[in-house]
Each structure stands twice: as structure tokens, then as C-alpha cells.
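Each remark here refers to the structure printed beneath this line.
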There are 4 protein chains.
Amino acid sequence: MNVHSALKNKLDKKNLILDTTLELISENGFHGTPISMIAEKAGIGAGTIYRYFENKEALINELFKEIKRKVMNAMLDGYNENKSFKDRFKHLWMNLINYFMDHPKAFQFIEQHRYASYMSKLTREESFMIMSPVMMFFIEAKSAKAMKDLPIYTIISLAYGPITSLAKLQIDHKQKLSAERIEQAANACWDAVKNN
Amino acid sequence: MNVHSALKNKLDKKNLILDTTLELISENGFHGTPISMIAEKAGIGAGTIYRYFENKEALINELFKEIKRKVMNAMLDGYNENKSFKDRFKHLWMNLINYFMDHPKAFQFIEQHRYASYMSKLTREESFMIMSPVMMFFIEAKSAKAMKDLPIYTIISLAYGPITSLAKLQIDHKQKLSAERIEQAANACWDAVKNN
Amino acid sequence: MNVHSALKNKLDKKNLILDTTLELISENGFHGTPISMIAEKAGIGAGTIYRYFENKEALINELFKEIKRKVMNAMLDGYNENKSFKDRFKHLWMNLINYFMDHPKAFQFIEQHRYASYMSKLTREESFMIMSPVMMFFIEAKSAKAMKDLPIYTIISLAYGPITSLAKLQIDHKQKLSAERIEQAANACWDAVKNN
Amino acid sequence: MNVHSALKNKLDKKNLILDTTLELISENGFHGTPISMIAEKAGIGAGTIYRYFENKEALINELFKEIKRKVMNAMLDGYNENKSFKDRFKHLWMNLINYFMDHPKAFQFIEQHRYASYMSKLTREESFMIMSPVMMFFIEAKSAKAMKDLPIYTIISLAYGPITSLAKLQIDHKQKLSAERIEQAANACWDAVKNN
DNA sequence: TATGAATGAGAGTTCATTCAT
DNA sequence: TATGAATGAACTCTCATTCAT
């Protein structure tokens with residue numbers, strides 16, 4: 001086995017552990033998911049997990065950041081800097097809610113563990129960094145007076161809050177909004193942040 | 001001791017336990033807060049807690065409902081049915097965010113435990129009932145065409161989502177919005193839900 | 001209230017506790033029967049039990065001796081010293097098994113707690129003393145060569161063993177032997193101990 | 001380590017736990033013997049016991065069945081189907097009492113726990129099955145009119161009762177019957193059950 | 001490198017006993 | 001004298017982590 005495939009193997013196993021963990025934590029919660037359960041479902045030994053992650057907390061923290069990265073990538077997919085602020089806003093907004101609705105486990109995981117005590121300050125800071133491209137968009141839009149003159153966190157809350165709220169309600173009530181309804185919601189959100 | 005003061009004593013101790021639990025759970029989470037820790041901080045024996053609550057889950061569930069009731073009361077404080085839809089919307093909205101900002105532990109508690117596995121279906125249903133007066137307002141406003149023709153859950157998400165999001169960001173970043181800024185945010189939220 | 005009725009009251013309550021304890025221990029076992037449960041069923045306070053018995057072990061020990069006394073009384077009921085050894089043997093034997101079958105809770109209690117660690121040496125010795133009148137009969141019968149020349153404990157075992165064994169099997173299998181069957185069994189036991 | 005010695009190790013540890021448990025339960029009873037005490041005496045960690053037994057009740061139940069099996073094997077040792085009913089009866093009878101006298105802890109364990117609430121119905125049924133070969137002997141002997149025409153449970157009680165009774169008295173009084181005395185007792189028992 | 005048996009600290013919970021009323 | 005709220009020691013059981021293989 002050459003260096004390349006050894007590395008690939010290592011990455012594969014790490015991802016296997018992360019995926020299995022997400023699956024099980026969604027079903028049973030952090031404390032309902034012993035390391036032994038993850039190991040068994042992943043088809044590896046419990047001790048092996050400790051070769052890839054320092055401990056259970058580290059595993060959760062890494063999973064959190066991993067999901068955040070995927071969310072970010074999904075959000076920016078097809079993003080076009082040359083479109084209008086409104087179009088770019090709606091693009092980001094709809095990308096995000098669609099990703100959450102397609103990946104409810106990922107969504108629930110970040111929602112539930114955002115403030116968990118085992119989530120380190122470092123993870124929170126890093127996951128904040130990951131989101132900086134989107135932050136930039138809001139700062140730019142605000143500077144250009146396309147958005148209301150409100151603190152940047154207020155604007156983000158007006159945009160992001162409804163997404164999480166909608167995603168939760170849909171998962172709760174096992175509904176599924178149509179593409180049209182989603183676009184209407186995106187427009188409503190734009191009404192909230194846009195400068196009149 | 002007469003019947004009245006015996007009852008008062010009993011309620012006092014129950015509230016002592018609930019308050020202590022909220023304090024500690026906010027800091028350490030459900031699983032980071034053993035019963036023994038609650039007992040010690042409350043200055044009582046561990047066994048005593050089991051005279052007031054069947055078990056740890058029941059304690060958490062009762063705390064959840066207790067907080068929900070307080071949130072509801074705060075939200076409806078000073079509510080006037082004769083005002084316009086916009087005024088009533090803003091009144092509820094600002095009452096809620098102000099309560100969350102004044103009681104960050106209560107806010108974090110309901111956010112973190114809303115979907116926890118140890119939160120019983122009954123608790124969820126009961127806490128939904130508690131919120132029904134506010135639900136009625138939204139249904140009424142929508143019927144009156146004062147709000148957009150969107151599914152009721154979408155409207156609630158547009159209104160409630162930014163509140164939680166703002167509260168989280170403020171607690172995270174230890175900021176505090178001025179009353180003026182809060183009113184501006186309320187207006188922005190109204191822009192999102194109002195019918196043009 | 002005069003001295004006599006005060007004493008009567010005290011005895012009544014003591015017996016109430018003993019009776020309730022037997023009832024509950026039969027259903028749930030020693031460790032499945034907390035003091036609080038006895039108190040509740042007896043309609044008194046838990047602390048009150050400690051005015052009548054030093055602790056839970058003392059209560060059980062006293063109950064054991066109380067039952068033994070009743071068993072002894074039942075066994076000697078109608079006993080006639082002037083009858084033949086065979087008749088006296090059968091009389092004692094049938095009295096005992098009939099009492100056990102009529103009072104299965106009492107029987108099970110002494111069977112199950114005979115060797116329990118919380119049964120004191122003193123209790124065992126005292127309950128042995130209680131049985132001495134019956135011992136005397138066996139010693140007399142053996143001296144008179146009416147019974148086999150075997151150690152006295154062997155003779156007692158030949159007589160008493162089948163009684164407990166039969167009582168257990170009947171309670172187990174919810175059978176009920178007829179009076180005729182019981183007399184046949186008594187005769188068979190006499191065959192075992194009698195001198196040929 | 002190969003498969004064979006791994007299995008051997010596993011069995012060794014399981015037996016170590018069972019043996020230690022019998023030792024301690026005989027001295028202190030079920031509830032006087034915490035898992036931690038078993039672990040300490042066995043020189044293993046408390047958690048280890050739970051790798052071999054689901055819980056404390058399962059451990060006791062397995063111990064019960066294990067002892068029953070050994071008792072049965074001892075009872076049938078040297079049994080010869082071609083001997084007379086009397087000889088076979090005496091053989092089984094003496095084998096059993098000798099085993100009980102040589103293994104007083106095993107005897108006391110099954111006597112004390114036979115009706116304990118933590119003994120499952122399954123265990124009782126299984127232990128009944130184990131004893132079926134001996135049952136068969138009694139049924140056969142009764143059919144052949146070698147034994148009295150009494151219900152089978154009565155006959156078993158006449159035979160088995162004295163054994164437990166004798167064993168108890170001997171353990172209580174720390175006596176030891178000679179082989180001759182035991183044979184005399186077996187003969188007396190035969191007198192009880194034999195057809196005249 | 002990968003394993004999983006073993007560990008033991010620490011969790012939730014029960015209940016005999018005490019003692020202020 | 002009778003009560004029952006309060007206690008806290010002690011129980012059973014879980015599981016993150018280690019380490020010999």
C-alpha cells in the first residue's frame with residue numbers, strides 16, 4: 001500500500017466514524033450513544049476510535065465543524081457575485097433551508113449541540129469563521145444601503161432565524177413546504193432586511 | 001405549623017429545587033448536572049428532591065413547563081386587544097425578546113431542551129397549549145388579511161425565528177441592544193409578515 | 001383511659017403492625033417491603049413503628065416468634081396425652097399441616113426467613129424452645145420403643161420434612177389435599193418413624 | 001491467545017464469579033451481598049461482572065440453575081436401572097443427602113432462594129425440567145405398585161422432605177451423621193413410601 | 001495498527017432511621 | 001404520644017477510557 005492509499009484509508013475510516021456518529025446521535029442523543037455503540041455500528045473496535053479522536057468530546061466537536069463546512073458549501077453552491085443583492089440573498093437563503101430540509105440529521109445536530117457544554121469555545125469560534133463569506137455578503141449589502149441600517153447581528157438574525165424556525169417546525173410536524181412556498185418565505189425575509 | 005404555612009413551605013422548597021436546577025443546568029447541561037450537585041447547591045439532601053419530583057426527567061419536564069408559563073405571562077403582559085394588529089404584534093414581539101434578554105438562563109434552557117429525548121411528549125403538548133393564545137393572534141391577523149397569505153407556521157417562523165436568533169447572538173457576544181434597536185428589529189419583523 | 005385499656009391499645013397497635021407486615025412481606029418479600037409501606041397500609045406514621053420495634057430487623061424477628069407461637073398452639077390443639085403414640089403422632093402431624101395449609105402466609109414466612117441473615121441467633125434459639133413440648137413427645141415415644149432407634153433429629157426430620165415439603169408443593173401447584181389424603185400421608189409418615 | 005484458551009478464560013472468569021457469589025450469598029444473603037463485594041472478593045472490577053451477567057438477578061438465577069444441575073448429576077451418579085426399586089430409591093436418596101451434606105452452601109442456597117421474588121418463572125421451570133429423570137423413577141415405581149397409591153407429590157414429599165429437614169438440622173447443629181445412620185434414615189423413608 | 005475485555009468512577013435512586021413539630 | 005419530611009449512606013448499573021494482545 002502506498003502513501004496515498006494509506007492516507008485515503010485513514011480518511012475513509014475517520015469519515016465512517018463521523019457518519020456513524022451523526023446517525024446514532026440523531027437517534028439517541030449524545031448521552032444515549034456510547035462509544036461502544038458507534039464502534040459496533042461502524043464495524044470497528046471501540047479502541048480504534050481513540051486513534052482518530054482524542055476522546056468523545058473531540059469527536060463531537062469535529063463532527064460539528066465538519067457539518068458546518070458542508071452547510072457552508074451547500075449555501076454557496078451556484079452563488080453568483082454579479083447578481084443583485086436581492087437575488088443573492090434569496091439564493092443563499094433558499095440554499096440553506098433546502099440543505100437543512102434535505103439533511104435533517106445534520107440540521108438537528110448543529111441546533112442541539114450549539115450550546116452544549118461539551119462544545120468547546122474553540123469549536124464555536126472556528127465554526128463562526130467558516131461562516132465568514134456569508135458575513136461578508138451582509139456587510140457589503142448593508143454598506144450599499146441595500147439593507148436596513150441595523151446592527152449586522154440583527155440583520156443576520158432576521159435572515160437566519162426564520163430558517164431554523166421553519167426547519168424545526170417542518171421536522172416537528174413532518175410537513176414539507178413546496179418550492180413556491182419556500183420562495184415566498186424567502187421574499188418575506190427579504191422584506192424584513194431590505195431597505196425601503 | 002398551620003396548613004397554610006406548611007403548603008407555603010412545600011412550595012418554597014419545590015421552587016428552590018427548580019431554581020437551583022435551572023441555574024446548574026444552564027452552566028453544565030442536563031447530563032453535567034447530577035442530582036447530588038443540585039442537592040448540595042440547594043442545601044438539602046439528595047433524597048429530598050425525590051419527595052418533590054418522581055425522578056430527574058420529571059424535574060426537568062416540570063422546569064420546562066414552569067418556564068414556558070412564565071414566558072407566556074411575560075409575553076402577554078400589558079397586551080391590549082383593541083390596538084392595531086401591528087401594535088399588538090410589536091407588543092408581543094418586544095415583550096418576548098425582552099424577557100429572553102432579561103432571563104438568559106430561561107431562554108437557553110427552553111432552546112436546548114426543546115428537542116431533548118428526556119422531554120416527554122406530554123410536556124411538548126402541554127407547552128404547545130400554553131402558547132395557544134399567541135397562536136390565536138396570528139390566525140386572527142392572517143384571516144383579517146393583515147398578514148401575508150402564508151402557512152401559519154411560516155408566519156410564526158418569520159416572527160419567532162429572529163427572536164431566538166437575536167437572543168442567542170446577544171448572549172453569545174454579551175451585547176445588549178438598546179430599546180430603540182429592539183423596536184427597529186420589531187418593525188423589520190413586521191415588514192416580513194405584514195401584507196403589502 | 002385507664003391502665004388496662006391503654007395497654008390493650010398498645011397491644012392492638014403492635015398486632016396491627018405485625019399483621020400488616022406479614023401481609024406485605026408475603027406479597028413483596030422483606031426487601032420489597034419498606035417501613036413506609038407498612039406504615040401506610042397500617043394507617044399510621046412511619047416513625048410510630050419505631051416506638052414498638054427497635055428497627056426493621058427486630059420487627060421481623062418478633063413476627064417470626066409470634067408466628068411460631070401460633071403454630072405451636074395450633075399443633076397442640078385438642079392434644080390428648082392419654083391416646084396411643086400413633087394417635088398422638090397423627091394428631092400433631094395433621095394439626096400442623098392443616099394449620100400451614102390454612103395459613104399459607106405464615107407458613108411461607110417462617111420457611112423463607114428461617115435462615116435469613118437478619119434473623120438473630122436469639123430468635124432461632126427462642127423459637128426452638130417454643131417447640132420443646134413436641135420434642136418431649138418424640139423423646140418419650142422413642143424411649144418407649146414406639147419409634148425407631150434413630151437420633152431424635154432424624155426422627156423429627158422424618159416427621160416434619162414431609163409436612164413442609166407437602167405444604168410447599170400444594171401452595172406451588174395450588175392443589176388442596178382432601179382430609180382422607182392427608183390422613184394417608186400421616187399414616188405413611190408413621191410408617192417411617194414407627195418401630196417395626 | 002487461541003480460540004480455545006480464550007473460551008477457557010471466559011468460562012473460568014464466569015465460574016469464578018459464580019463461585020464467589022455462592023460463597024458470599026451463603027454468608028450474607030442476596031441483599032446483604034452487593035455486587036461490589038462480589039467483585040472485590042473475586043479480585044475483579046465491579047463492571048466486569050456485567051460483561052458476564054446481565055444484572056444481579058440474572059447472576060443469581062444462573063447460579064441457581066448451575067447448582068441444580070450439579071445436584072442432579074450427583075444424585076444420578078452410579079445409578080443402575082437394573083436394581084430393585086428399593087435399592088434405586090435408597091441410592092438416589094443417599095446420593096442426594098450426601099451431596100447436600102458435603103456442599104452445605106449449595107444446599108442452603110437452593111433452599112433459601114427457591115421462592116425468592118427475584119427467581120424468575122423461567123428458572124423455576126428449567127430447574128423443574130432438570131429434575132425430571134427423578135420424577136420418572138417415582139412415576140414408574142408407583143405404576144409398578146412398588147410404592148403406595150398416593151398422589152405423586154405426596155410421595156415425593158415423603159422422600160424429599162426428610163432430606164432437606166435432616167440437612168438443615170445437621171447444618172444448624174453442626175452434626176454429621178455416620179454412613180450407617182444415613183442408611184437407616186433411607187430405610188425409614190422407604191418404609192414411608194413403600195407399598196405394604 | 002486494531003482490538004475489545006477490563007476497569008472503576010460516578011450516575012440515579014431507594015429507604016431505614018431520625019427528630020422537630 | 002404520634003407524625004412524616006428530611007436525610008444521606010449505600011445500592012445497582014453504565015460507559016469513557018486504557019492497554020495487553
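Chain letters run A, B, ... following the sequence lines, proteins first and then strands; every chain starts at 1.
- Following rounding to the nearest Å, B:Tyr50 (OH) and F:dC11 (C1') show an atom-to-atom distance of 13 Å.
- Just one residue in the list C:Lys56, C:His31, C:Glu57, C:His113 forms a side-chain hydrogen bond (donor to acceptor under 3.5 Å, both in side chains) with C:Tyr118, and that residue is C:His113.
- Separation of atoms CG (C:Leu16) and OG1 (C:Thr21) is listed at 8.5 Å; rounding is to 0.5 Å.
- E:dT17 atom P lies 13 Å from atom CZ of C:Phe53, rounded to whole Å.
- Contact annotation: C:Lys56 does not reach the phosphate of E:dC15 (side-chain N/O to OP1 or OP2, under 4.0 Å).
- In this entry the distance linking CD1 of A:Ile38 with P of F:dC15 reads 12 Å, nearest Å.
- In this structure, C:Leu22 CG and C:Glu27 CD are separated by 10.0 Å, a value rounded to the nearest 0.5 Å.
- The separation between D:Glu54 atom CD and F:dC15 atom P is 14 Å, rounded to whole Å.
- Residue A:Ile44 is the one, among A:Ile44 and D:Ile44, whose nearest nucleotide of DNA chain E lies closer to the 5' end (criterion: closest heavy atom).
- Between the CG atom of B:Asn55 and the P atom of E:dC15 there is a distance of 15 Å, rounded to whole Å.
- Close to F:dA2, at under 4.0 Å from its OP1 or OP2, lies a side-chain N or O of C:Tyr52.
- Residue B:Leu16 contributes atom CG, which lies 11 Å from atom P of F:dA6 at whole-angstrom precision.
- Residue whose closest nucleotide on DNA chain F sits further toward the 5' end, between B:Gly43 and D:Glu57: B:Gly43.
- Take the nearest nucleotide of DNA chain F for A:Pro34 and for D:Ala46: the residue whose nucleotide is more 5' is D:Ala46.
- The base-pairing partner of F:dA9, taking Watson-Crick or G-U wobble contacts with both distances under 3.5 Å, is E:dT14.
- Residue D:His31 contributes atom NE2, which lies 11 Å from atom P of E:dA16 at whole-angstrom precision.
- With rounding to whole Å, A:Glu40 atom CD is found 10 Å from E:dG4 atom P.
- In this structure, B:Thr48 reaches the F:dT7 phosphate: one of its side-chain N or O atoms is under 4.0 Å from OP1 or OP2.
- The side chain of D:Arg51 approaches E:dA6 more closely than any other nucleotide in the set F:dC13, E:dA6, E:dT17.
- Pairing for E:dA20 goes to F:dT3, judged as Watson-Crick or G-U wobble with the two contacts each under 3.5 Å.
- Within the structure, a side-chain polar atom (N or O) of D:Lys13 is placed less than 4.0 Å from OP1 or OP2 of E:dA6.
- Across B:Lys65 and B:Ile130, no two heavy atoms sit closer than the pair O-CD1, 4.1 Å.
- Salt bridge present: B:Arg69 and B:Glu66 bring a charged side-chain N and a carboxylate O closer than 4.0 Å.
- Backbone-only contact: D:Ile35 has heavy atoms under 4.0 Å from sugar-phosphate atoms and none from a base.
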